[in-house]
Amino acid sequence: MAKPLALTLGEPAGIGPDVTIAAWLNRRALDLPPFYLLGDRAFIATRAQALGHDIALADATPATAAGIFADALPVVSTGHPVTAQARRPDGSSAPAAIASIRQAVANVEAGHAGAVVTNPIAKSVLYRAGFEHPGHTEFLAELAAKDGNAPLPVMMLWSPELAVVPVTIHVSLRDAIDQLNGPLITATARIVVNDMKARFGIQRPRLAIAGLNPHAGEDGSMGDEELAFIQHAVTVLQNEGIDARGPLPADTMFHPAARATYDCAICMYHDQALIPIKTIAFDDGVNVTLGLPFIRTSPDHGTAFDIAGTGKANPSSLIAAIKLAARMAASQAS
């Protein structure tokens with residue numbers, strides 16, 4: 001039997017608990033792989049009741065979760081009680097959210113779980129509790145560090161229609177331009193290629209490298225970053241045997257015919273990557289962190305405080321994240 005997936009609590013006042021409950025309730029219809037939630041059983045029971053669901057819950061360990069999953073949602077305790085109410089983030093449950101992430105990573109590294117699937121967090125709430133990382137991606141990289149050396153985490157947004165990777169992530173546009181350079185582009189692309197081979201089963205990934213400026217700089221008339229280092233980065237990758245082309249004008253990269261020519265678009269900054277995929281696959285996009293020694297996926301949405309506890313949350317993205325994590329784990333194991 002495959003190892004269960006470790007699903008984190010996320011921000012308790014948001015929709016993470018709602019979509020987790022919805023995913024488990026649809027486990028048979030969707031043929032979902034076994035997963036367990038790292039959290040507080042009493043809190044989940046209260047939220048399920050508020051949503052009008054009569055759900056079976058069971059205390060579990062990673063070792064017993066798979067056997068329980070068919071009949072009850074397995075909950076592995078983090079030792080932190082959760083008191084936050086839906087739509088009312090107050091910081092009281094931040095320790096539980098952070099502990100859930102730490103424990104999920106520890107479970108996977110110990111071989112007790114096949115992958116980490118993270119529910120959305122509210123960074124502003126965690127910051128008030130002393131959280132010092134820009135987001136999940138950077139925190140996971142720290143947890144994966146060995147001998148003080150953290151891996152370079154690469155954020156991929158994946159859907160069946162499109163996969164994108166921003167070279168710079170959670171920084172301002174001005175800072176993103178300052179951070180961009182050839183070595184960062186090539187390092188990011190190499191990680192994408194390695195993970196697409198090992199975890200997506202694509203033996204020769206095709207990369208489309210976006211330019212930074214309109215029309216990919218128009219031969220330097222609209223900016224010189226393409227000539228200064230992006231084109232050189234593409235040449236370096238090609239010389240390494242990687243199927244990469246570019247720099248390409250970003251405004252013509254994402255229509256259906258263009259998407260059919262590559263497996264992943266490497267974009268220069270956050271919105272250049274996320275606007276097209278959220279337009280194409282808003283409900284079922286998945287956030288995947290590449291470059292880590294373990295598999296991590298997450299729904300591609302936030303905490304949606306305004307609809308938490310109302311029954312309006314769409315579980316499609318979490319369901320897609322669970323399915324993709326299981327697929328990646330199986331590909332890695334084969």
Side-chain angles (χ1 to χ4, degrees), residues 10-11 14 89 91 94 98 101 118 120-142 150-158 162-189 191-192 208-218 220-234 246-251 253-254 264-280 282 285-292 296 298-305:
E11 167 53 53
I98 295 170
I101 301 168
T118 59
I121 56 174
K123 287 172 280 190
S124 61
V125 175
L126 296 187
Y127 292 157
R128 294 196 292 272
F131 190 73
E132 298 178 347
H133 304 276
H136 259 131
T137 302
E138 296 81 2
F139 183 40
L140 291 165
E142 179 186 277
L152 173 66
V154 170
M155 184 174 80
M156 169 184 279
L157 281 299
W158 178 92
L162 174 66
V164 296
V165 166
V167 175
T168 59
I169 309 177
H170 296 120
V171 295
S172 71
L173 182 56
R174 185 181 302 278
D175 288 344
I177 294 170
D178 290 340
Q179 289 181 13
L180 274 175
N181 56 62
L184 181 59
I185 295 169
T186 55
T188 299
I191 290 170
V192 172
I209 314 293
L212 172 66
N213 298 295
H215 301 181
E218 196 78 67
S221 64
M222 297 185 188
D224 65 355
E225 286 82 3
E226 286 79 10
L227 297 177
F229 57 84
I230 300 176
Q231 177 60 67
H232 177 68
V234 173
L248 303 172
D251 63 349
M253 284 178 58
F254 300 107
C264 183
I266 307 296
C267 302
M268 296 299 108
Y269 56 92
H270 183 279
D271 284 9
Q272 189 183 59
L274 271 67
I275 288 173
I277 194 166
K278 289 195 174 185
T279 300
I280 292 167
F282 186 79
V286 179
N287 186 334
V288 186
T289 305
L290 309 180
L292 300 177
R296 178 261 178 159
S298 181
D300 183 24
H301 59 66
T303 52
F305 288 125

Which value, rounded to the nearest 0.5 Å, describes the distance between [X] atom [atom1] and [Y] atom [atom2]?
X	Y	atom1	atom2	answer
Cys264	Leu290	SG	CG	7.5 Å
Ile191	Met156	CD1	CE	11.5 Å
His215	Met222	NE2	CE	5.0 Å
Leu140	His133	CG	NE2	9.5 Å
Ile185	His232	CD1	NE2	10.5 Å
Ser172	Asp178	OG	CG	8.0 Å

Can you tell me if [X] uses its side chain to pair, donor with acceptor, with the backbone of [Y] under 3.5 Å?
X	Y	value
Glu225	Asn213	no
Ser298	Thr118	yes
Asn181	Leu184	yes
Glu226	Gln231	no

What do you reckon, is CZ of Phe282 surrounded by more than 12 foreign heavy atoms closer than 6.0 Å?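 Counting neighbours around CZ of Phe282, 12 or fewer heavy atoms of other residues, nucleotides or ligands fall under 6.0 Å, so no.
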Over all atoms of both residues, closest heavy-atom pair of [X] and [Y]:
X	Y	result
Gly91	Val125	CA-CG1, 3.6 Å
Gly211	Pro247	CA-CB, 3.8 Å
Pro151	Leu292	CG-CD2, 4.0 Å
Gly302	Pro120	O-CG, 3.4 Å
Ala216	Pro249	CB-N, 3.9 Å
Ala250	Gln272	CB-NE2, 3.5 Å

Any side-chain heavy atom of [X] sitting closer than 4.5 Å to one from [Y]?
X	Y	answer
Met268	Ile209	yes
Met253	Val164	no
Tyr269	Val171	no
Leu162	Pro276	yes
Glu138	His170	yes
Thr137	Arg296	yes
Leu173	Asp271	no
Thr289	His136	no

Going by the rule salt bridge (Lys or Arg N to Asp or Glu O under 4.0 Å), which residues pair with Lys278 if we only count those two or more places apart in sequence or in a different chain?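 So Lys278 forms a salt bridge (Lys or Arg N to Asp or Glu O under 4.0 Å) with Asp300.
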Take His270 and Thr168 through the side-chain contact (heavy atoms from CB on, under 4.5 Å) test and state the conclusion after the steps. CA-CA 6 Å; His270 183 279; Thr168 59; over 6 Å; no
Angle between ring planes, Phe139 versus Phe131, binned at 30° and 60°: parallel, tilted or perpendicular? perpendicular
Not counting sequence neighbours, which residues clear side chain to side chain donor-acceptor pair (under 3.5 Å) with Asp251? List them please. none
Dump the intermediate steps for side-chain contact (heavy atoms from CB on, under 4.5 Å) on Phe254 and Ile275, then the final yes or no. CA-CA 10 Å; Phe254 300 107; Ile275 288 173; over 6 Å; no
